[in-house]
Amino acid sequence: LRRADLGAYAAVFRDGAVVTALRNSVVYAGLAAALACALAAVIAWASSRARFRGSSVLDGLAFLPIAVPGLVLGVALLNVFIRAPVALYATATALVLGYLVRYLPYSARFAGGGLARVGRELLAQQRQRHLRDREGVRSVDTEVGVGSRMRGLALVHDAEVRDGIRLCPCDVDRSGV
């Protein structure tokens, strides 16, 4: 314990492999969080506003990864990535897809909550003001729902970075230690 001081942290951050692993974790988590928020917005809109057969099934499918324990989900994704016809195992794409599958339910809940705050009567009022349907939906849903989508983005990115930092020691060459 005599050698335990803040210098140990400085030594870790001087290691180029650690800095690269941390940077990759933040970048890949940001990419996956942005994809999760975009996909969650589409799923939330389809399950709450669209009227087609099976639209509510999308919400259930998006929420399904929460019901599966993280270890089981990780092994299942690993199995899929190993057996995929395209080489996905040990790639950044696999990491982003894994983050996306794991954290999509959280993002979908935030996006759905934002859309639920916009009542159908508000959309009907926008349409009565002679706005085109698409513009009316875009203006109301975007203005009210953007806050919830941004909170979802921040939550998902934070969780993904936390998980990615736990994975960092696996990416570091410890041969010199």
Side-chain angles (χ1 to χ4, degrees), residues 23-81 83-84 86 88 91-167:
R23 185 181 61 238
N24 287 345
S25 293
V26 170
V27 169
Y28 297 150
L31 179 61
L35 290 172
C37 283
L39 187 58
V42 171
I43 290 170
W45 182 84
S47 64
S48 67
R49 301 276 190 254
R51 291 195 173 97
F52 63 89
R53 192 173 197 167
S55 62
S56 61
V57 173
L58 286 175
D59 190 46
L61 287 175
F63 198 65
L64 190 62
I66 285 184
V68 179
L71 182 64
V72 174
L73 185 64
V75 170
L77 287 173
L78 181 64
N79 196 10
V80 168
F81 295 152
R83 296 174 193 271
V86 178
L88 289 177
T91 63
T93 304
L95 191 59
V96 170
L97 288 175
Y99 281 149
L100 178 66
V101 169
R102 178 74 177 121
Y103 293 104
L104 178 64
Y106 302 105
S107 188
R109 288 295 155 222
F110 273 94
L115 283 176
R117 291 189 333 212
V118 179
R120 293 191 186 275
E121 60 278 354
L122 184 58
L123 293 174
Q125 184 180 18
Q126 283 284 349
R127 288 185 192 109
Q128 286 177 357
R129 289 184 179 168
H130 303 293
L131 289 175
R132 290 188 313 193
D133 186 28
R134 190 180 75 219
E135 289 178 2
V137 170
R138 186 183 65 216
S139 66
V140 174
D141 280 348
T142 301
E143 294 300 321
V144 175
V146 74
S148 63
R149 286 194 291 277
M150 293 309 290
R151 285 189 296 278
L153 178 77
L155 172 86
V156 169
H157 185 265
D158 178 51
E160 289 170 349
V161 168
R162 223 180 19 249
D163 284 352
I165 288 174
R166 281 188 230 140
L167 295 174

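Because only heavy atoms are used, hydrogens play no part in the values below, and waters and symmetry mates are left out as well, while side chains stay in. The shown structure was predicted, so the numbers you read here are calculated from the model rather than taken from an experiment.
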Which pairs with one or both residues in residues 93-102 pass salt bridge (charged side-chain N to carboxylate O under 4.0 Å, His left out), sequence neighbours excluded?
none
Under the side chain to side chain contact (heavy atoms under 4.5 Å, CB included) test, which residues partner I66, sequence neighbours left out?
F63, P105, Y106
For residues 58-80, which residue pairs qualify under side chain to side chain donor-acceptor pair (under 3.5 Å), counting only residues two or more places apart or in two chains?
D59-R109, N79-R83
How many angstroms lie between CG in L100 and CG in L77, if you round to the nearest 0.5 Å?
10.0 Å
List for me each residue that meets side chain to side chain contact (heavy atoms under 4.5 Å, CB included) alongside L39, sequence neighbours excluded, and say none if there are none.
I43, L104
According to salt bridge (charged side-chain N to carboxylate O under 4.0 Å, His left out), does anything in residues 24-43 pair up with another residue at least two apart or in another chain? List the pairs.
none
Restricting to pairs with a member in residues 24-47, which pass salt bridge (charged side-chain N to carboxylate O under 4.0 Å, His left out), not counting sequence neighbours?
none
Partner set under side chain to side chain contact (heavy atoms under 4.5 Å, CB included) for V68, not counting sequence neighbours
V72, L73
Please enumerate all residues that pass side chain to side chain contact (heavy atoms under 4.5 Å, CB included) together with V86, with sequence neighbours excluded.
none
Which atoms form the tightest heavy-atom contact between A62 and P65, and what is the distance?
O-CD, 3.4 Å
Residue pairs passing the side chain to side chain donor-acceptor pair (under 3.5 Å) test with at least one member in residues 60-78, sequence neighbours excluded, are none
Side chain to side chain donor-acceptor pair (under 3.5 Å) pairs, two or more places apart, involving residues 65-77
none
In terms of heavy-atom contacts, Y28 and Y99 come closest through O-CD1, 4.2 Å
